[in-house]
Amino acid sequence: MYVRRKLVKIVKLVLTIFTICFWAIRPIKHTKKPVAFLFHVSKWKRSFLPFFLKEYDIRFVPFDHQIKFLRYELSKYPNKVFIIWGYNHSTEIIQYAEKHKIPVYRMEDGFVRSKGLGALHTPPYSISLDKQGMYFDSTQPSDLEELLNTHPFSEEELSRARDCINKLNELGVSKYNHVNKQDVSEIYGEKTKKRILVIGQVEDDASIKMGCAKNFLNNDLVRLASKENPDAEIIYKPHPDVLTGRRLKHSDPDEVKHLAKVITEPLSLVDSLKTIDHVYTITSLSGFEALMRGINVTTIGAPFYSGWGLTDDRQMVTRRKRKLTIEEVFAGAYLLYPRYVDPHNGENVTLEEVIERIAN
């Protein structure tokens, strides 16, 4: 065991020295574009991300790379930005960027993503690049929040928003679209009273950590929905990644079976919203998809669509100043904020085209 540990240390040291030398001796690549150093990007995403970032010359930084070993490469390009995928493990990057006055942007999947899951390496049709924060981080402003606060929505944008909402509803397209359509009555049973759907999330996900000010678990959400709606039928849909064991669960659905019908079989979000009168969520995008279908929504955290007068909000964000319609929030979040590209050939596409391609 001791020999193995020593061998691992030696291998890591050799790889570190090799990486330092590699970055140090790489010749400068002359470009008229700003150079974007991309952090925390999985290898399977690297073939299509340049299609979404055409204004930059891209440099993918190895996942486990310490930023101090990049200083030789960084010094070659005065016009540069850092782009980080998601929110995890970025403290060192942020501190370095602040010290050297390098802009830091965040990147995530868009709201109408693909036919299959990112976990299964399905490339996305949409990406959100945010130069202030990220749409799910309510602790600070984001490009989306600023857009919703200030943008003068035109009649053309609102008309497109209405058409896209109708198209999404008619074709049954959501963010992910990998689950086959089902007759929800076979799963929910006959509807005899008001029906509440509780949307489960991955409880240690950044969208909850950055979007909810208090420690609130899925089971807490079920209990709250049951307490506030004692005469209603409560249906609880745990997150599929938690059910399959791909992500850790911090609350056990079995503990709330006496309060709610727990859905354990695969069920698409589109189908799960059928026959539902009210949705409870912490910060899930599912809440906005419920709003698009005319369903009342209670939010415990502060997702991007809360605070504009559309939802029953339990966490206020004082930065959100306007009352907006569902079409205005949709136009900002789905039409203006994301970038839409065919990840297979780099062709720029519209949301309308993405919906058709996913549906077909």
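Just so it is clear, the model here is predicted, and its values are computed rather than measured. Residues: numbered from 1 along the sequence shown.
- Under the rule for a side-chain hydrogen bond (donor to acceptor under 3.5 Å, both in side chains), the partners of T298 that lie at least two apart in sequence or sit in another chain are H278, D312.
- Atoms CE and CD1, on M107 and I127 in that order, are 6.0 Å from each other to the nearest 0.5 Å.
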Please report the C-alpha distance between S251 and E203 in whole Å, then the side-chain angles of each, then the deciding distance to 0.1 Å, and finally whether the side-chain hydrogen bond (donor to acceptor under 3.5 Å, both in side chains) criterion is met. CA-CA 8 Å; S251 60; E203 292 156 314; 2.5 Å; yes
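- The cationic atom of K323 (NZ for Lys, CZ for Arg) does not lie both less than 6.0 Å from the six-membered ring centre of W308 and within 45° of the ring axis.
- The 12-atom threshold is not exceeded at NZ of K181, counting heavy atoms of other residues, nucleotides or ligands nearer than 6.0 Å.
- In this structure, L269 and E289 have side chains that are in contact, with non-hydrogen atoms separated by less than 4.5 Å.
- For the 3.5 Å distance criterion, the side chains of T283 and Q201 qualify, holding a donor opposite an acceptor.
- Going from atom CG of D109 over to atom OG of S128 covers 8.0 Å, rounded to the nearest 0.5 Å.
- Classification of E233 and K194 as a salt-bridged pair fails, no side-chain N sitting under 4.0 Å from a carboxylate O.
- Between P303 and F136 the shortest side-chain heavy-atom distance does not fall below 4.5 Å.
- Closest non-hydrogen pair, S306 versus G301, comes out as OG-O, 4.4 Å.
- The hydrophobic clustering, which links ILVMFWY residues whose side-chain heavy atoms are closer than 4.5 Å, places L158 and L336 together.
- In this structure, the ring of F288 has its center less than 6.0 angstrom from the ring center of F304.
- For Y105 and F82, the ring centers are positioned 6.0 Å apart or more.
- For the pair V354/S126, no side-chain contact is recorded, criterion being any heavy-atom separation below 4.5 Å from C-beta on.
- Side-chain atoms of N229 do not come within 3.5 Å of backbone N or O of I196 as any donor-acceptor pair.
- More than 12 heavy atoms of other residues, nucleotides or ligands lie within 6.0 Å of NZ in K191, so this atom counts as buried by the packing criterion.
- Ion pair R314/E228 flagged as a salt bridge, since at least one NZ, NE, NH1 or NH2 atom sits closer than 4.0 Å to an Asp/Glu carboxylate oxygen.
- The list of salt bridge (charged side-chain N to carboxylate O under 4.0 Å, His left out) pairs with a residue in residues 146-164, not counting sequence neighbours, reads R160-E352.
- Using a 4.5 Å cut-off on side-chain heavy atoms (C-beta onward), F153 and L147 make contact.
- Note that CG of L49 is 5.5 Å distant from CH2 of W85, once rounded to the nearest 0.5 Å.
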Begin with the C-alpha distance, continue with both residues' side-chain angles, and end with the deciding distance and a verdict on side-chain contact (heavy atoms from CB on, under 4.5 Å) for T299 and Y305. CA-CA 9 Å; T299 59; Y305 53 86; 3.7 Å; yes
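- Atom CG of L53 and atom CD1 of I58 lie 4.5 Å apart (nearest 0.5 Å).
- The OG atom of S286 sits 11.0 Å away from the CG atom of L291 when rounded to the nearest 0.5 Å.
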For a side-chain hydrogen bond (donor to acceptor under 3.5 Å, both in side chains) check, start with the C-alpha distance between D137 and Y87, then their side-chain angles and the critical distance, and finish with the verdict. CA-CA 9 Å; D137 181 6; Y87 254 90; 2.7 Å; yes
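- Both L74 and I84 are assigned to one and the same hydrophobic cluster, defined by single-linkage of ILVMFWY side chains at heavy-atom distances under 4.5 Å.
- Between P50 and F52 there is no side-chain heavy-atom pair separated by less than 4.5 Å.
- Under the 4.5 Å side-chain criterion, counting only non-hydrogen atoms from C-beta, L221 is not in contact with I199.
- Taking the six-membered ring where the residue is Trp, the centroids of Y125 and Y340 are separated by 6.0 Å or more.
- Under a cutoff of 6.0 Å and an axis angle of 45°, K33 and Y56 do not form a cation-pi pair.
- A continuous path of ILVMFWY side-chain contacts below 4.5 Å connects L197 to I295, so both sit in one hydrophobic cluster.
- Placement of I165 and L171 within a single hydrophobic cluster is found when ILVMFWY residues are connected by side-chain heavy-atom separations under 4.5 Å, directly or transitively.
- Counting only N and O atoms by type, the side chains of Y77 and R59 include a donor and acceptor under 3.5 Å apart.
- For the pair I234/V198, a side-chain contact is recorded, criterion being any heavy-atom separation below 4.5 Å from C-beta on.
- A donor atom on one side chain and an acceptor atom on the other are found under 3.5 Å apart for Q132 and D143.
- When hydrophobic clusters are built by joining Ile, Leu, Val, Met, Phe, Trp and Tyr residues whose side-chain heavy atoms come closer than 4.5 Å, directly or via intermediates, L285 is grouped together with L335.
- Remark: the R195 side chain and the T275 side chain contain an N/O donor-acceptor pair separated by less than 3.5 Å.
- Counting only residues at least two apart or in different chains, salt bridge (charged side-chain N to carboxylate O under 4.0 Å, His left out) contacts with residues 328-343 comprise E55-R339, D342-R357.
- Side-chain atoms of D57 never come within 3.5 Å of backbone atoms of P34 as a donor-acceptor pair (strictly under, hydrogens ignored).
- Summarising the geometry, atom CE belonging to M210 is positioned 11.5 Å from atom CG belonging to D205; distances are rounded to the nearest 0.5 Å.
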